[in-house]
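Worksheet for the structure shown next.
Chain identifiers are assigned alphabetically (A, B, ...) following the order of the sequence lines, protein sequences preceding nucleic acid strands; residue numbering begins at 1 within each chain.
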Amino acid sequence: MEKYLEELNESQQKAVVYLDGPALVIAGAGSGKTRVLTYKIAWLLKQGFAPHRILALTFTNKAAREMKERIAGIVGEETARRLWMGTFHSIFSRILRREAERLGFTSNFTIYDATDSKNLIKSIIKEMQLDDKVYRPGMIQSRISNAKNALITYKAYEQNKQLIEDDLRNKIPLVRDIYARYQNRCQQAGAMDFDDLLLQTNLLFRDHPDVLGKYRDYFQYVLVDEYQDTNFAQHLIVKRLCEGRGNLCVVGDDAQSIYSFRGANIDNILQFKQLYPGCQIFKLERNYRSTQNIVNAANSLIRKNTAQIPKQVYSEKEEGSKLQVLSSYSDYEEAYAVAARVHEMRRQMPYADMAVLYRTNAQSRILEEAMRKRNIPYRVYGGLSFYQRKEVKDVISYFRLVINPHDEEAFKRVINYPTRGIGDTTVSKLVSAATTYGVSLWTVLQSLSDYAVPVNAGTAKKLAAFRELIDSFRERNQELPADEIATAIVKESGIVALLAQDHSTEGIGKFENLQELLKGIAEFCQIRQEEGNTQVSLGDFLAEVSLLTDQDQEGDENTDKVTLMTVHAAKGLEFGAVFVVGLEEELFPSAMSKDNPRAIEEERRLFYVAITRAERHCTLSFARSRFKNGQTTMCIPSRFLRDIDLKYLETEDGYRRPEADSSVSERKPESRPAFTSPLQQAQMRETPSAGPRKLTRMTAAPVSSAAEQDFSDFQIGMRVRHGRFGEGVILSFDGDGNNRKALIEFDNSGQKQLFLKFARLEKM
DNA sequence: TGCTCACTTGTTTTT
DNA sequence: CAAGTGAGCA
């Protein structure tokens, strides 16, 4: 162990060996946070803590898995396996299954994912005959989710004046009733949503002091990773488990808090000190990942935020190259420019050391296309996870129904898949009977006559057949291991036959996914058996898989591929070279956050996360136009580009950004970009005339306010000259007003579609 | 009941 | 551009 301690710097060491009370480790980007956590756990084991009495909570399954591996490397796999290590959601779902009866659930409860929740909300809105334009399901879902994260049950919601008034003001007074119905339906179905896993844990601990006492005594030391991303419910769980004893160590970086949309509360880390008196703070400020230029650029950016824990992150690596700013005409060109640079970079490092990061998943397509055309191998992370694909989820729904027949969402998904002549009308009848009698759909199905379901004989027969199908699976599930019952289910339900007859490309893909799923189950069984479990049931598999939204399928990790992912997904990772694309107003920062200073700060932190992923090279790219929602729109370079100190940037060709600090009057005309659009001018006007940087951030860019221009003097067939592409002929027009663009056949550069507004065409 | 086709509409990040 | 919805028809 001493040998391992030597691998740590002084502040890391102090954080590892400190056991005299609550500890807060502020870990700057790339400062060896994971190393501290793993060694701390190893240290605890060395001090005699039993592995199964250490609780380590992480943010993603992947983080947990990797940390476990690293610990196994130090203390051996046998010991590492006994640790309670995982995400909040997975750890507490385990505890909830054990204690389910206390809460009126059974241990085989289903976990509803976000889609299940949304579907349930949709059907409740429909049943209540509300307008889904007013009661927008997504909005209701996030309201309920926020309430749950703040530990407001539906009963508390009804009594919360503030919330009720809010809803009244927003003309959605019935949210409280939707919430109440939603919760009852979940209970009825024996289901918990993601937020329930935390909420119910809190209720369990609040209402059953003996249970809380049991776990509080059981866990002798608690560690929490990514503490800046915990929400109130998570914070309270931790607090309850550690009450009165200081055996707690939380690690995080307030500058990397990027999950407030999910209820994460940055105050948890900012106020940790006040909440846990006697707590010791450790700061890890030396960055081991990146060159000085990257660290300094990131520092200059994050300095523009207000609330943060003071720290000075520094690097002692070489100065390194400056951050490259890349500007392109369009999203299309951007993707190709990035692909070209990736190709070039290949001379310095393998593809696997490079990543292209973007704000939204939708941006991946065009990048993929560019990579494919250049024959660059890539791997896209995120988007739909394996378990969320329709064909996989349908099969999983059968599994869910077998384990918990009251699962309403699984029932609805599966009852007519493959089609067996039970349509919407019949399902609606079942639902309405279930609602009137307050029972599950499955219960109604058991005795159609008892619940007065008005179906004709033919339909009744089909329903009975479905019931028998599920019953027969349920029976066999008692004895069979997971892989065998799973195979029986996909065969006898008719899914295999259905998918096998579809010979289209995507049909084949679906069939392969099905095989993949079955293979996954078989592997799961095998691993569990090797760990000493005799019989591995379908329920075991399901309990695990419901929380595995992580991207950890295919084993092609070792091949040399460029990584494409969202910035969120990149948190915690590092790459030799990073390309951050789409740095434009309304995209990064997102349009959703433009009027909200707090949200803008979060977007800035997100950008900070993106930059600090880079070890040696970082490229920041934006396009001047982008295809969005079915049409091309013009873009303004992101305000964040102006937040980075110029001396760390290397800008080239057309773009030279306005300097945030210098005043307009001082700027010489020559220092302006050669290529200036009216929009850019509008943006420049907005730069503060004197000192206060704040203005830059607080003034929203007046995008649409730019005056409409008249381009009517350009005609089809006219010969024009363009500054970059030379001479050409106008073939056609598209769009109106400021978005009017012309398709031009250039003599030397081929066809281009250009905004008249930008193009500054000259009539010949 | 179930399928197809035309139409509308909406936009972020994820355990 | 995508997904989701609603009408029309077998």
- Query: Among side-chain atoms of A:S397 and A:D394, is any donor-acceptor pair under 3.5 angstrom?
  - Reply: no

- A:M592 side-chain proximity, nearest of B:dT15, B:dT14, B:dT11: B:dT11

- Task: Would you please confirm or rule out a distance under 4.0 Å between OP1 or OP2 of B:dT12 and any side-chain N or O of A:N361?
- Result: no

- Query: Closest nucleotide of DNA chain B for A:T58 versus for A:G421: which of these residues is on the 5' side?
  - Reply: A:G421

- Task: Indicate yes or no: does A:D643 engage A:R639 in a salt bridge with an N to O separation below 4.0 Å.
- Result: no

- Item | Nearest-angstrom distance from the residue atom CZ of A:R262 to P of B:dT13 | 13 Å

- Nearest-nucleotide wise, let me know which of A:T459 and A:F59 is further upstream toward the 5' end of DNA chain B. A:T459

- Task: Check every strand shown and say whether A:D424 touches a base, only sugar-phosphate, or nothing at a heavy-atom separation below 4.0 Å.
- Result: nothing

- Message: Tell me the interatomic distance from A:K594, atom NZ, to B:dT12, atom P, rounded to whole angstroms.
- Response: 13 Å

- Considering only heavy side-chain atoms of A:T360, the closest of B:dC3, B:dT14, B:dT12 is B:dT12

- Item | Between P of B:dT15 and CG of A:N265, the distance in whole Å | 20 Å

- Relative to the ring of A:F219, is the ring of A:Y215 parallel (under 30°), tilted (30 to 60°) or perpendicular (over 60°)? parallel

- Item | Distance, rounded to the nearest Å, where A:L587 contributes CG and B:dT11 contributes P | 15 Å

- Could you check whether A:L197 gets within reach of a base, just the sugar-phosphate, or nothing at all, counting any heavy atom under 4.0 Å? nothing

- Query: B:dT12 C1' sits how many Å from A:M139 CE, rounded?
  - Reply: 17 Å

- Specify the separation, in whole Å, of atom CZ of A:R604 and atom C1' of B:dT13. 18 Å

- N or O in side chain of A:T566 less than 4.0 angstrom from B:dT14 OP1/OP2: yes

- Message: What is the distance, to the nearest angstrom, from the CE atom on A:M192 to the C1' atom on B:dT15?
- Response: 16 Å

- Across the strands shown, which category fits A:S90 at heavy-atom distances under 4.0 angstrom: base, sugar-phosphate, nothing? nothing

- In terms of the angle between their ring planes, are A:F640 and A:F588 parallel, tilted or perpendicular, with boundaries placed at 30° and 60°? perpendicular

- Task: Measure from NZ on A:K390 to C1' on C:dG4 and round the result to the nearest Å.
- Result: 14 Å

- Task: Given salt bridge (charged side-chain N to carboxylate O under 4.0 Å, His left out), test A:E226 with A:K571 step by step and report yes or no.
- Result: CA-CA 10 Å; A:E226 308 282 13; A:K571 196 174 78 159; 3.4 Å; yes

- Ring of A:F627 versus six-membered ring of C:dC1: centres under 5.5 Å and planes under 30°? no

